[in-house]
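First comes the structure, then the notes that go with it.
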Amino acid sequence: MAKAKKSMVKKAAKKPVKQAAKKAPAKKAVPAKKKVVKAKTKRKPNAAFMKPMTPSSTLAAVVGTNPQPRTEITKRIWDYIKKHKLQDSANKRNINADEKLKAVFGGKKQVSMFEMTKLVSAHLR
């Protein structure tokens, strides 16, 4: 009978014990390289942008007749656009042309700000 009881009693199965994975040895910290500080020099503007350009008669109606650098002409066009509220309210990258700008933009009612610079460059000499 003692043998029968032993077979009836279930023995708890031993689960294999998981061992923690061995960690790689910690790397030593590498000392930070010292940064070389350069003396600040004032950046020179690109000569091509600063060259005075003469606007065409249609562009002169917007920016004036005096020869001006390309950067100043772009600045004056943006002043004109903001003064007359010609920037599209839904998509600020688009410009809605009035009669003066329509002549500059080649008859287009609306152009993107990136396309505007391309169209304006055709009116400069």
Side-chain angles (χ1 to χ4, degrees):
M1 204 157 155
K3 289 183 180 180
K5 284 185 178 179
K6 284 185 180 178
S7 64
M8 291 182 163
V9 178
K10 291 183 179 178
K11 293 184 180 180
K14 290 185 179 179
K15 292 183 181 177
V17 178
K18 290 184 181 178
Q19 293 181 351
K22 292 183 180 179
K23 292 183 180 178
K27 293 182 180 180
K28 293 182 181 178
V30 179
K33 293 181 182 178
K34 293 181 181 179
K35 291 184 179 180
V36 178
V37 179
K38 294 181 182 178
K40 289 190 176 184
T41 57
K42 191 170 182 180
R43 192 178 140 196
K44 292 180 184 178
N46 189 342
F49 285 122
M50 301 313 291
K51 180 182 171 189
M53 308 278 290
T54 307
S56 67
S57 58
T58 53
L59 183 59
V62 178
V63 298
T65 57
N66 297 339
Q68 302 164 26
R70 190 180 296 267
T71 54
E72 188 64 31
I73 289 174
T74 305
K75 214 182 279 188
R76 291 200 180 190
I77 290 172
W78 273 108
D79 291 341
Y80 180 86
I81 290 167
K82 289 177 182 176
K83 181 181 175 185
H84 293 90
K85 297 178 182 170
L86 299 175
Q87 205 169 0
D88 191 36
S89 58
N91 187 351
K92 299 281 187 183
R93 290 180 290 182
N94 290 336
I95 296 138
N96 300 321
D98 62 353
E99 291 306 314
K100 288 182 182 179
L101 283 179
K102 199 180 278 189
V104 174
F105 296 159
K108 292 185 177 183
K109 290 181 182 179
Q110 190 177 56
V111 296
S112 71
M113 62 174 64
F114 305 109
E115 189 180 3
M116 177 191 75
T117 55
K118 181 177 97 173
L119 295 169
V120 167
S121 65
H123 290 276
L124 298 173
R125 286 176 266 182

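Note that the coordinates shown come from a computational prediction; the quantities given were computed from them, not determined experimentally.
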**Request:** Determine, stepwise, if the pair Ile77 / Ile95 fulfils side chain to side chain contact (heavy atoms under 4.5 Å, CB included).
**Result:** CA-CA 11 Å; Ile77 290 172; Ile95 296 138; over 6 Å; no
**Asked** What's the spacing between Asp79 CG and Glu72 CD if we round to 0.5 Å?
**Response** 8.0 Å
**Prompt:** Mind checking whether Arg70 and Ser121 have side chains closer than 4.5 Å, heavy atoms only?
**Reply:** yes
**Request:** Measure the NZ-NZ distance between Lys102 and Lys108 for me, rounded to the nearest 0.5 Å.
**Result:** 13.0 Å
**Asked** Atom CG of Asn94 and atom CG of Leu86: how far apart are they, to the nearest 0.5 Å?
**Response** 12.5 Å
**Atom pair OG1 (Thr74) and CD (Gln68), whose distance is rounded to the nearest 0.5 Å** = 10.0 Å
**Message:** Walk me through whether Met50 and Thr71 qualify under side chain to side chain contact (heavy atoms under 4.5 Å, CB included).
**Reply:** CA-CA 7 Å; Met50 301 313 291; Thr71 54; 4.2 Å; yes
**Fill in**
The reported gap from CG in Asp88 to CD1 in Ile81 (rounded to nearest 0.5 angstrom) is 12.0 Å
**Item:** Lys100 to Val62 - nearest heavy-atom pair and separation
**Value:** CB-CG2, 4.0 Å
**Asked** Below 4.5 Å, heavy atoms only, C-beta onward: do Val111 and Leu101 meet side chain to side chain?
**Response** no
**Request:** Give the C-alpha distance, both sets of side-chain angles, the deciding distance and a yes or no for side chain to side chain contact (heavy atoms under 4.5 Å, CB included) between Val104 and Leu119.
**Result:** CA-CA 7 Å; Val104 174; Leu119 295 169; 5.6 Å; no
**Fill in**
Between Arg76 and Val63 the two heavy atoms that sit nearest each other are NH1-O, 3.4 Å
**Complete:** All heavy atoms of Gln87 vs all of Lys92, minimum pair found to be NE2-O, 2.7 Å
**Request:** Show your reasoning for whether side chain to side chain contact (heavy atoms under 4.5 Å, CB included) applies to Met113 and Trp78.
**Result:** CA-CA 10 Å; Met113 62 174 64; Trp78 273 108; 3.7 Å; yes
**Message:** Under a 3.5 Å distance rule, please check whether His123 uses its side chain to pair with a backbone N or O of Thr58 as donor and acceptor.
**Reply:** no
**Asked** At their closest point, which heavy atom of Ala60 faces which heavy atom of Pro55, and how far apart are they?
**Response** N-CB, 4.2 Å
